[in-house]
Amino acid sequence: MQITGAVLTEINAAAPYAGSRPIVVEQLELAAPGPGELLVKIEAASICHSDLSVVNGNRPRPVPMLLGHEAAGLVLETGSGVSDIQVRDRVVLTFLPRCGDCAGCRSNGRQPCIPGSASNGAGELIGGGRRLSLRGAPVYHHLGVSGFATHAVVDQRSAVVVGKHVPADIAALMGCAVLTGGGAVLNAAELAAGDSVAVVGLGGVGLAAILTAVALGAGEVIAIDPVPAKRAIAMELGATRAIDPGELSGVRVDVAIEAAGAGSAVSTAIAITGPGGRTVLAGLTKPGVTVPMSPLDLVGGGRRIIGCYLGSSVPARDIPKFIELWEQGKLPVEKLISDRIGLDQINEAMDALAQATVLRQVVTPA
């Protein structure tokens with residue numbers, strides 16, 4: 001079938017992207033779903049920093065690639081062997097499929113799926129190969145989703161069914177921002193009621209961590225970011241304090257979550273973790289970034305540094321938990337949405353994200 005999608009044609013193009021326009025809206029061919037796969041009509045997709053990291057070359061991927069990994073939609077067709085997902089189900093699309101059998105999948109979320117990671121790196125679906133083409137030439141998938149399009153074919157292991165009462169834009173945010181930031185709190189931080197929490201970096205992932213810490217009964221919740229507007233939003237979402245990174249003298253917490261993907265943020269999170277505390281690294285830094293640290297402080301203070309990819313989440317297990325918190329009014333993730341745009345505005349949206357002037361921009365493909 002023919003679909004419309006936003007295709008990245010060039011990595012590391014000159015900014016601003018509104019001028020260089022590395023992302024082009026194209027008419028593509030989408031193959032029918034194969035065994036274990038779904039045809040999904042994309043209702044909403046949101047723009048994440050991981051999308052920008054492909055555009056600016058920080059996370060190199062093969063091109064041409066149809067971008068977008070945080071999305072939700074309605075199932076239009078199922079391939080053979082699909083039994084747990086039905087036509088007309090609303091699904092959250094998640095960017096790390098899990099095969100269920102490898103050592104990573106047996107780690108209960110602590111490690112990513114090995115075949116899923118390999119297929120993501122190759123720009124393919126976990127079942128193998130690509131389903132997209134442009135004028136007869138293959139187009140790569142982005143993290144098994146390619147959600148910046150009117151339709152997508154995905155593996156059933158990249159989809160989690162949610163109730164029809166969950167709006168598509170809310171469902172989309174569950175697939176990355178909430179799983180990554182919220183999962184860092186829910187899964188990796190080992191949060192106990194009353195623990196103090198600090199979140200370093202207040203993009204969509206960091207603010208999702210703020211929301212989740214508040215929802216799960218943390219004590220003091222400190223928001224840390226150099227942008228005053230983001231600190232103000234964090235206070236609206238329930239943070240008890242919001243602080244510039246340059247003004248952290250004396251701050252010590254039980255749990256510090258790094259959500260910026262920057263070496264300076266990692267150093268800040270380690271520095272403010274108190275004795276017996278946990279530093280949770282949820283952001284993805286550029287390859288090669290290192291930070292200084294004192295092993296003596298870790299040993300003497302009984303402190304831990306924990307890495308968590310996708311919030312150490314198992315999507316099928318954790319998305320229902322976050323949906324339940326949203327249903328109870330404890331996780332108002334709709335407050336993370338700052339703009340709604342069309343496919344033809346994605347280059348400008350990448351500029352806005354790079355300039356840190358937005359949170360989650362939701363794309364409505366059709």
Side-chain angles (χ1 to χ4, degrees), residues 47-54 56-59 176-185 187-189 191 195-213 218 220-235 237 239-274 277-294 297-298 301 303-312 336 352-360:
I47 298 177
C48 169
H49 210 279
S50 293
D51 299 305
L52 175 62
S53 293
V54 178
N56 66 20
N58 286 346
R59 303 287 293 178
C176 176
V178 175
L179 276 183
T180 303
V185 178
N187 298 314
L191 188 71
D195 275 352
S196 57
V197 176
V199 178
V200 185
L202 302 177
V205 169
L207 290 172
I210 293 281
L211 282 173
T212 305
E220 186 174 30
V221 178
I222 303 173
I224 301 169
D225 197 282
V227 180
K230 291 187 175 183
R231 298 199 299 269
I233 292 170
M235 293 297 291
L237 297 182
T240 52
R241 276 201 287 168
I243 307 174
D244 183 275
E247 301 173 354
L248 292 173
S249 178
V251 172
R252 294 293 181 272
V253 293
D254 299 309
V255 175
I257 295 176
E258 185 280 320
S264 59
V266 172
S267 294
T268 295
I270 293 172
I272 63 175
T273 302
R278 287 84 72 201
T279 306
V280 179
L281 307 183
L284 289 173
T285 63
K286 294 180 183 179
V289 170
T290 60
V291 299
M293 55 174 285
S294 168
D297 285 347
L298 297 181
R303 296 158 55 190
R304 285 179 286 160
I305 298 176
I306 304 162
C308 69
Y309 187 65
L310 188 58
S312 298
L336 301 181
L353 187 59
Q355 294 158 9
T357 59
V358 294
L359 297 176
R360 275 309 196 254

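Just so you know, these numbers use all the heavy atoms, side chains as well, and skip hydrogens, waters and symmetry mates. In this text, all values refer to a predicted model and were calculated from it rather than measured experimentally.
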Quick one: pull up CG in L336 and CG in L207 and give me the separation to the nearest 0.5 Å. 6.0 Å
Minimum heavy-atom separation for G206 to V199, with atom names? O-CG1, 3.5 Å
Less than 4.5 Å apart, side chain to side chain, heavy atoms only: is that true for D244 and R231? yes
Quick one: pull up CG in D51 and SG in C176 and give me the separation to the nearest 0.5 Å. 8.0 Å
Give the minimum heavy-atom separation between V197 and A218, together with the two atoms involved. CG2-CB, 3.9 Å
List, one per line, each side-chain donor-acceptor pair under 3.5 Å for residues 223-230, sequence neighbours excluded.
| residue | atom | partner | partner atom | Å |
| --- | --- | --- | --- | --- |
| D225 | OD1 | V227 | N | 2.9 |
| D225 | OD2 | L202 | N | 2.9 |

side-chain contact (heavy atoms from CB on, under 4.5 Å) assessment of L359 paired with I233: CA-CA 10 Å; L359 297 176; I233 292 170; 3.7 Å; yes
How many angstroms lie between atom CZ of R59 and atom NZ of K286, to the nearest 0.5 angstrom? 12.5 Å
A189 and V255: which non-hydrogen atoms are nearest, and at how many Å? CB-CG1, 3.7 Å
Could I get the full list of salt bridge (charged side-chain N to carboxylate O under 4.0 Å, His left out) partners for R252, not counting sequence neighbours? none
Answer yes or no: is there a side-chain heavy-atom contact under 4.5 Å between I210 and V221? yes
Taking only residues at least two apart or on different chains, which pairs with a member in residues 195-212 satisfy side-chain hydrogen bond (donor to acceptor under 3.5 Å, both in side chains)? D195-R278, S196-D254
Set of residues satisfying side chain to side chain donor-acceptor pair (under 3.5 Å) with respect to T273, sequence neighbours excluded: T279
Drop me the distance from L284's CG to Y309's OH, to the nearest 0.5 angstrom. 6.0 Å
Check the pair L298 / R304 against side-chain contact (heavy atoms from CB on, under 4.5 Å), numbers first and verdict last. CA-CA 7 Å; L298 297 181; R304 285 179 286 160; over 6 Å; no
Where do I243 and L248 land on the side-chain contact (heavy atoms from CB on, under 4.5 Å) test, with the steps shown first? CA-CA 7 Å; I243 307 174; L248 292 173; 3.6 Å; yes
Intermediate values then yes/no, side-chain contact (heavy atoms from CB on, under 4.5 Å), I272 and V200: CA-CA 10 Å; I272 63 175; V200 185; 4.3 Å; yes
Just jot down the salt bridge (charged side-chain N to carboxylate O under 4.0 Å, His left out) partners of R303, sequence neighbours excluded, or say none. none
For T240 against M235, the heavy-atom pair lying closest together: O-CE, 3.8 Å
Does any part of the side chain of N58, heavy atoms only, come nearer than 4.5 Å to the side chain of T285, both counted from C-beta? no
Run the side-chain donor-acceptor check on residues 256-270: report pairs under 3.5 Å with partners two or more places apart or on a different chain.
| residue | atom | partner | partner atom | Å |
| --- | --- | --- | --- | --- |
| E258 | OE1 | G283 | N | 3.2 |
| E258 | OE2 | A260 | N | 2.7 |
| E258 | OE2 | G261 | N | 2.5 |
| S267 | OG | G263 | O | 3.3 |
| T268 | OG1 | S264 | O | 3.0 |

Please report the closest heavy-atom contact between N187 and S312, naming both atoms and the distance. ND2-O, 3.4 Å
State the CG-CG distance between L211 and L237, to the nearest 0.5 angstrom. 4.5 Å
